[in-house]
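Whatever order the structure lists ligands and atoms in, that order sets their numbers, starting from 1.
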Amino acid sequence: MEKLVITGQTPLKGEVTISGAKNAAVAILPATLLIDGVCTIENIPNISDVKISCEILEKLGAKITWNTPNEITIDTRNINTTVAPLDLTRKFRASYYIVGAMLGRKGKIQVGMPGGCKLGARPIDQHIKGFEALGATVEVEKGNITATADKLVGNSVYMDVVSVGATINVMLSAVLAEGTTVIDNAAKEPHIVDVANFLNTMGADIRGAGTDIIKINGVKKLSGNSTYSVVPDQIEAGTFMLAAVASKGDILIKNCITKHLESITAKIIEVGGQVEDYGDSIRVWCDRRPGKANIKTLPYPGFPTDLQPQMGVVLSIAEGTSIINESIWESRFQYTEELNKMGAKITAQGKSAFFEGVDKLYSAPVYSTDLRAGAALIIAGIIAEGETEIYNLEHIDRGYENIEEKFRNLGAKIKRIKE
Ligand code: EPZ
């Protein structure tokens, strides 16, 4: 069992370089199954979700060479099975991208139902709707998904719900289909654009990614023979921006795309923080107690649900009472119980939480309930009086590369202890 031990009340100061985006990498890796060739992926984050993705690809017949901790070469010419290792695919959410990619490559796949953070029901009905619109048959039973298609034919798919996963998955299944597929009411997150850019680099014909209508003209084959660099992680960058405000620090966040951070920048300015935008890096500082704000999480370009817990830490010590309305997930306020152990005054009811700002937080043993909650608890430990212990680190390690080192380089007194 490991824990993080953080000695608080440290203003974070200095520079941090953002890694490649987790939610792009975990989709680009399965997308390589569509390539009958070899490709190289740079700026890939060295996190456990990426390592599990690579294990699954190798079990399907891919050959993977780690050129550096953040660059891999993948040879997917010899995909020799249509059953993914069910024990691995259950370990995280993004395993469902194997379905879209393998339907396109082989017309058949069996995987375990995806796992991932416990945020409420995480249905896949929109994924299935898309696959069936292209001519696939999908069965979900005994915790496994079995999908088959003699031939995939392009079609129009209207998403009843704006879904990152379903948008990417239908895009994957359409790349090698016959004819044109149009996804309407598509999600517009930066990682969706990154997957489309990756596939186009490898020979696909996808237009409109980043808007709510994506058009995919099916092609015969993806030959690969190219190198692609994963987009910087919008959520990691936002995590450090909010850490600068919560700790009354001053951080230069490097290797990010500030256009992706506009909703976070707006809220930081609203609560009294200051921001200097340099295009591919951004400086955030705050020399006062933050003011209150109301947040409603929305699909991109709205305020991201994946930064809701981190914003919750800022609001827990803000002047006045704030409200967060979590419109994406039914159950993404578990972290507030942990913050209340540290002296916060938060009342979570259904999809809303009320934050009565307190002067400061106090250390306590706390438990990470999901990836972003874990990041929020680290920020809370850095600003709290005393020594905070954080458990269940496996959640954090799924999506943040070298997180304690990055915070330590900004002045945090943080160490990982094996118990
Ligand atoms: C992706 O999850 C991210 N995960 C999540 O980030 C993120 O919170 C979420 O998008 C929203 O931005 C990955 O990319 C691996 P959705 P995903 O499909 O694709 C409903 C993190 O911390 N829905 O956009 O699973 C669903 O219930 C993780 O990095 C359906 O109803 O999310 C939710 O209410 C946590 N039917 C909403 O849509 C479906 O078929 C958005 O879900 C699919 C989704």
Side-chain angles (χ1 to χ4, degrees), residues 19-31 45 47-50 52-53 89 91-100 113-133 138 140 145 157-173 183 185-195 212 230-231 233-239 260 263 297-311 325-332 334-335 350-351 368-376 395-401 403:
S19 301
K22 164 181 94 82
N23 291 344
V26 296
I28 286 172
L29 286 166
I47 54 177
S48 59
D49 273 9
V50 162
I52 299 172
S53 299
T89 54
K91 285 190 174 176
F92 69 127
R93 181 80 183 151
S95 51
Y96 54 32
Y97 294 134
I98 304 275
V99 181
M113 275 295 280
C117 297
K118 301 272 178 284
L119 306 171
R122 298 188 75 174
I124 59 167
D125 57 301
Q126 299 300 303
H127 301 240
I128 294 169
K129 172 180 180 178
F131 297 146
E132 289 177 341
V138 184
V140 180
I145 306 169
V157 184
Y158 181 83
M159 291 293 168
D160 305 325
V161 180
V162 176
S163 160
V164 169
T167 299
I168 291 176
N169 229 346
V170 176
M171 191 162 73
L172 294 177
S173 65
I183 304 173
N185 198 27
K188 302 182 273 194
E189 272 68 8
H191 26 290
I192 295 171
V193 178
D194 209 40
V195 177
D212 55 3
V230 176
V231 72
D233 195 316
Q234 166 208 26
I235 302 304
E236 187 192 18
T239 299
H260 295 160
S263 62
T297 64
L298 287 168
Y300 188 83
F303 192 93
T305 175
D306 293 346
L307 286 170
Q308 186 259 96
Q310 302 90 315
M311 187 74 205
N325 181 292
E326 171 54 63
S327 73
I328 309 288
W329 298 111
E330 294 87 11
S331 168
R332 194 165 208 170
Q334 300 100 311
Y335 73 94
K351 288 197 155 189
S368 166
T369 50
D370 68 72
L371 167 63
R372 308 305 174 181
H395 293 296
I396 302 172
D397 295 336
R398 283 187 48 212
Y400 285 96
E401 182 178 21
I403 191 158

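Remark: distances from the non-hydrogen atoms of Arg332 to ligand 1 include one below 4.0 Å. Using a 4.0 Å cutoff on heavy atoms, Ile235 does not count as a contact of ligand 1.
The shortest side-chain heavy-atom distance between His260 and Val231 falls under the 4.5 Å cut-off. Contact check for Ile124 versus Ile145: side-chain heavy atoms found under the 4.5 Å cut-off. Side-chain contact between Pro30 and Ile98: present, with at least one pair of heavy atoms (C-beta onward) separated by less than 4.5 Å.
Rounded to the nearest 0.5 angstrom, Asp370 CG and Gln334 CD are separated by 6.0 Å. Between the CG atom in Asn23 and the CD atom in Gln234 there is a gap of 9.0 Å [rounded to 0.5 Å]. How far OG1 of Thr239 is from CZ of Arg372: 6.0 Å, rounded to the nearest 0.5 Å. Atom-to-atom distance recorded for Tyr97:OH and Leu29:CG is 12.0 Å, nearest 0.5 angstrom. The structure places OG1 of Thr89 at 10.0 Å from CD1 of Ile52, a figure rounded to the nearest 0.5 Å. In this structure, the separation between CZ on Phe92 and OG on Ser48 is 9.0 Å, given to the nearest 0.5 Å.
Close contacts of ligand 1 with Leu119, meaning ligand atoms under 4.0 Å from a residue heavy atom, involve 35 (C). Using a 4.0 Å cut-off to heavy atoms of Val161, the atoms of ligand 1 that qualify are 20 (C), 31 (O), 38 (O). If you number the atoms of ligand 1 from 1 as listed, the ones under 4.0 Å from a heavy atom of His127 come out as 40 (O). For ligand 1, the atoms sitting less than 4.0 Å from at least one non-hydrogen atom of Lys22 are 21 (C), 29 (O), numbered in the order shown with element in parentheses.
For atom 17 (P) of ligand 1, the closest heavy atom belonging to the protein is Tyr96 OH, 3.5 Å. Of the protein's non-hydrogen atoms, the one nearest atom 26 (C) of ligand 1 is Trp329 CZ3, 3.8 Å. The nearest protein atom to atom 6 (O) of ligand 1, hydrogens excluded, is given as Asp306 OD2, 2.9 Å; this is a heavy-atom distance. With respect to atom 44 (C) of ligand 1, the closest heavy atom belonging to the protein is Ser163 OG, 3.7 Å. Looking only at heavy atoms of the protein, atom 2 (O) of ligand 1 is closest to Arg122 NH2, 3.4 Å. Counting protein heavy atoms only, atom 30 (C) of ligand 1 is closest to Pro123 CG, 3.5 Å. Closest to atom 16 (P) of ligand 1, if we only count protein heavy atoms, is Val164 N, 3.7 Å. When hydrogens are left out, the protein atom nearest atom 41 (C) of ligand 1 is Ile328 CG2, 3.7 Å; that is the closest non-hydrogen contact.
Looking at Glu330 next to ligand 1, no N or O pair under 3.5 Å apart turns up. For ligand 1, the polar-atom distance check against Tyr97 finds no nitrogen or oxygen pair separated by under 3.5 Å. Ligand 1 has an N or O atom lying under 3.5 Å from an N or O atom of Gly165, backbone or side chain. Residue-to-ligand polar distances place Gln126 within reach of ligand 1: an N/O pair is separated by less than 3.5 Å. No N or O atom of Thr305 sits closer than 3.5 Å to an N or O atom of ligand 1.
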Evaluation steps, side chain to side chain donor-acceptor pair (under 3.5 Å), between Gln126 and Ser163: CA-CA 8 Å; Gln126 299 300 303; Ser163 160; over 6 Å; no
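Only the side chain of Leu371 comes within 4.0 Å of ligand 1, judged by heavy-atom distances. At a heavy-atom distance under 4.0 Å, no atom of Lys129 approaches ligand 1.
Each of Val50, Val230, Leu371 was compared with Lys22 under the side-chain contact (heavy atoms from CB on, under 4.5 Å) criterion, and only Leu371 meets it.
Looking at every heavy atom in both residues, Ile328 comes nearest to Leu298 through CD1-C, 4.1 Å.
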Extract all donor-acceptor atom pairs below 3.5 Å that involve side chains of residues 299-309 and protein atoms in other chains or at least two apart in sequence.
residue	atom	partner	partner atom	Å
Thr305	OG1	Glu326	OE1	2.9
Thr305	OG1	Glu326	OE2	3.1
Thr305	OG1	Arg332	NH1	2.9
Asp306	OD1	Arg332	NH1	2.7
Asp306	OD1	Arg332	NH2	3.3
Gln308	OE1	Tyr335	OH	2.5
Gln308	NE2	Glu326	OE1	3.1
Gln308	NE2	Arg332	O	3.2

